[in-house]
Amino acid sequence: PYLEIIENPKSRGFRFRYTCEGPSHGGIPGGSSDKNKKTFPAVKICNYQGYARIVVQLVTNEENPRLHPHSLVGKQCQNGICTVQCGPKDMTATFPNLGIQHVTKKNVATILEERYIAAEMQLSSINDGFPQEVQRNIKGEILIVFRHEDRKRISVKATSEAKSIDLSVVRLMFIAYLPDSNGAFTIMLKPVISDAIFDSKAPNAATLKICRMDCNAGSASGGDEVYLLCDKVQKDDIQVVFSEEDMQGNNIWEGYGNFSPTDVHRQFAIVFRTPQYRDVDIKQPVNVQVQLRRKSDHEVSEAKPFTYLPNKSDLELIDRKRRKPMPDFVDHLGNGNTGAEPTEGTYGPHYAPQAQQNKNGTGELGSVFFLFYDNITNHFNPPYLDKYVSSSTLTRIFKSNAYKCLHATQGLNLNLPLYIPKLTKHHGIYISRTGLCKGSIASLWIVESRYFKSGAKNNSILSLTKKWAERNSTALHDYSITGDVRMLLVLQRHLTSIRDHSGDSVLHVAVIHDQLEVLSSLLDVVATLDNKQSIVDAINKQKQTALQVAVLTDNVEAVIDLIKMGANPLILDSYGNHSIHVACRHGNASILYHLLNSKQLDIMQMDMKNHDGLGCFHLAAKASQGTRQCLGLLKSNNFNVNMADTKSGRTALHLAVEMDNLVVAGCLISECDADMEAATYEGYTPLHVAASLGLCEIATLLLACGADPDASTSPPGSENGITPADLAASDQMRDLLNGIKLPFNPKITQNIFSDIAQLDEILRLKLCKLLNAERTGSDWLALAERLSLGSIVTFIRHSENPTNTLLDNYMVS
DNA sequence: CGGGAACTGAT
DNA sequence: CATCAGTTCCC
């Protein structure tokens, strides 16, 4: 006969209870238990039929199990042990009511001692007479008492073992006893031990749970900051895992959220950066899963969805706009261009809004008028829009809104007094929605129906129309002579304020389509308008000005043109970025230079933070190119290198350190005088960050430049601050911070400069002479760049022989 | 049965 | 002594 476990207890999710919590909290469920079908631990005696006794007790989760001080409590439990009878037919035993009672730390030794005594008593009752003595109490009853030395031995053993017992995990040990010839259950079968049961309340076994995330989508290139709220975790033992499964449910990709223990806030929140997706160039959003994972036991939380989006930038939208099919001029012929006779009473948009020639060769037919309203829809809302409106209605509208009909006609001198057409019952009107995106402009086509029948009278509308037609044809002629498109544009200058459905003005569109000459012509024409500033600085639906679009597309010429026309670089887009922010983010030093020199800008405004709480220095430090030049420009324009970001109080130097970017960090320190001791909201200096991330090279740089290795998160005088050494991610880092020099361990990188490293003396002298000869130093500066030593140029600039110093440094590095 | 607060020990 | 993580108790 042998004993076998047919249902193991569930390993996780069960909570041990203290005595004070009472005995009734439900029993350990079985491993396969679920909500609908509950199971419980169960064992079976095989190869035997008849009565049997089964004893269950708790043991440790070790290779050689010891008795555990926790107690089993429940229906058939006594003294921490559960005893049941089974048989004679059904030889299985299930345990539906096994609770685990948590011994307090204080009592571990005492309880353990009791366990050992009970065990030895049990043993002696079987083996008869082993370490006990028989005494009688006052009433003469037999008491079994341990000899003093045995008691002592057990006590010592209990005390010493108490320390090493893990109170957060137990296993069930089942022992079956079969009856002997006397019917006493003394025949012991081999004990069997269950899977481990972890206390769900123990910090290192608690259920992992993601409660909330501040965002669940990010770009495929990763690096997006996410704030995750969770149930209690341990900061050194937790990961944020991103994973993706294929159709078959196989795990095909895994990435880890990027954070250090210092980013775990009080056990309940993690601030991390998303990992890069396996394919940075996805075209469609990809859904993946995020979960918490405990490093020590690989337990995971339930997964939450996360979506990787195609690397989206403002450029994305611009690209889309660029991909639209190119218009063709014949698209604009319209239906009325042949001069077809309109039918009375049906004055629709197809009656061409351009002056047409009559039989006498003068342009004086149905004309187009544009009304510039603050908000025309207030007056021409349905029922008037896109409809024929009678002259009496029209007159009423005109009269009531006369003061708003500012520039009543196209092609007329803007300074003319407001012109209100005199209307008769023979006039009709069609108000088109065209150009109404912004609700500011309507085209108003007024047609005198009588005209078509009986020829024109000397009507003011007609005389204006005639003027307009003449100017148009003259312009066209002048254009033919000069090829100067501005001849045509100037007649349409008022239309430059019209936006398309994306909110883009003609200036935006010209920049988007890289039409530099067009942009220049348009700007010249716009310059003649009184409201030129509002047109140049118009924003589209992303709140971008034409200048912003030019910066976004790295279009230096367009930037220069727009700035010349007085474009304002400080207008904010929907992310709170002004043009200077965008230039910094792009690392486009040339554009940045022009923006900074555009006019007298207010440093306070230039140096403000965007909606992500980042300033220009932050954005430039994060840029993937042109960083050094941009940082230099910012510095020389008095931007604040030590500005803290709004979200966490980090400076640009903190960011550079986080990115493990030696060059940028070096540049910030040596060329921009970044404060080495700048502290985040939590009090961390850049050295703290480097230490916690285990970035030895950066830490070496910081230390070499004078960072305080004893910087503390709390003010001087207080003893309780955290120093970089407290956060050191490795022993190597600790040594570094304690001033122990690391063994020189050169990285083998590209070998392309091996020739330079091996120059013989003569060649080297010649090279120095050549490069030093250029007085501005541009030659050896270029060499420094190529050797990736750009960050030290300040140090060697004043050297007598800069090239030589540079080469020396190169050898060393 | 789960949430959470009070208490305590370690640093 | 303050603070944080871990333990115990209460509801």
Side-chain angles (χ1 to χ4, degrees), chain A residues 9-30 33-36 38-40 58 68-75 80 96-112 159 162-170 197-212 229-238 260-271 292 294-297 299 301-302 679-684 688 691-692 710 712-728 734:
Chain A
K10 215 182 192 97
S11 271
R12 305 212 173 250
F14 185 75
R15 179 160 146 189
F16 301 177
R17 295 289 177 168
Y18 288 85
T19 320
C20 63
E21 292 184 280
S24 52
H25 291 287
I28 309 167
S33 189
D34 70 24
K35 251 190 185 147
N36 302 323
K38 289 192 176 165
T39 68
F40 298 99
L58 296 175
H68 202 287
H70 289 348
S71 295
L72 274 174
V73 289
K75 267 182 194 157
N97 194 25
L98 287 181
I100 295 173
Q101 196 171 79
H102 199 302
V103 64
T104 62
K105 257 188 150 181
K106 256 189 284 189
N107 292 333
V108 173
T110 325
I111 302 287
L112 214 48
T159 317
K163 292 167 196 154
S164 66
I165 283 179
D166 184 348
L167 297 180
S168 69
V169 54
V170 298
I197 305 165
F198 297 90
D199 180 7
S200 70
K201 192 73 180 197
N204 61 3
T207 325
L208 297 171
K209 186 176 170 195
I210 296 175
C211 307
R212 190 185 268 220
L229 305 190
C230 52
D231 276 0
K232 214 172 201 178
V233 295
Q234 294 176 302
K235 64 177 187 294
D236 294 310
D237 190 22
I238 193 71
S260 74
T262 54
D263 295 317
V264 178
H265 179 76
R266 302 274 194 276
Q267 300 189 297
F268 288 103
I270 304 174
V271 182
L292 294 172
R294 192 154 43 220
K295 291 185 208 162
S296 57
D297 58 6
E299 270 296 295
S301 71
E302 256 179 38
T680 65
Y681 291 165
E682 290 163 293
Y684 297 133
H688 279 103
S692 73
D710 299 319
S712 167
T713 52
S714 43
S718 163
E719 297 285 308
N720 306 306
I722 298 166
T723 64
D726 293 333
L727 300 175
R734 233 180 309 280

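Residue numbering restarts at 1 for every chain, and letters A, B, ... go by the order of the sequence lines.
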Q. Quick one: A:N107 CG to B:dT8 P, roughly how many Å, whole number?
A. 14 Å

(Q) Is it the case that the side chains of A:T110 and A:N107 hold a donor-acceptor pair, with the cut-off being a distance below 3.5 Å and no angle test? (A) no

Q. When the C1' atoms of C:dC1 and B:dT8 are considered, how many whole Å apart are they?
A. 15 Å

**Q.** Side chain A:R12, main chain A:F198, donor-acceptor under 3.5 Å
**A.** no

Q) Between A:F268 and A:K232, is a side chain to side chain contact (heavy atoms under 4.5 Å, CB included) present by the stated rule, with each step listed? A) CA-CA 5 Å; A:F268 288 103; A:K232 214 172 201 178; 3.9 Å; yes

Q: Specify the separation, in whole Å, of atom CG of A:N97 and atom C1' of B:dC1.
A: 14 Å

Q: Determine, for nucleotides 6-11 of chain C in 5'-to-3' order, which nucleotides have protein heavy atoms under 4.0 Å from the base (write B), from only the sugar-phosphate (write S), or from neither (write -).
A: BBBBB-

Q.
Any side-chain to backbone donor/acceptor pair from A:D231 onto A:K209? Under 3.5 Å, distance only.
A. no

Q. Atom CZ of A:F16 and atom P of B:dG2: how far apart are they, to the nearest Å?
A. 14 Å

Q) Counting only heavy atoms not in A:R212, do more than 12 fall under 6.0 Å of its CZ? A) no

Q. Relative to the ring of A:Y18, is the ring of A:H102 parallel (under 30°), tilted (30 to 60°) or perpendicular (over 60°)?
A. parallel

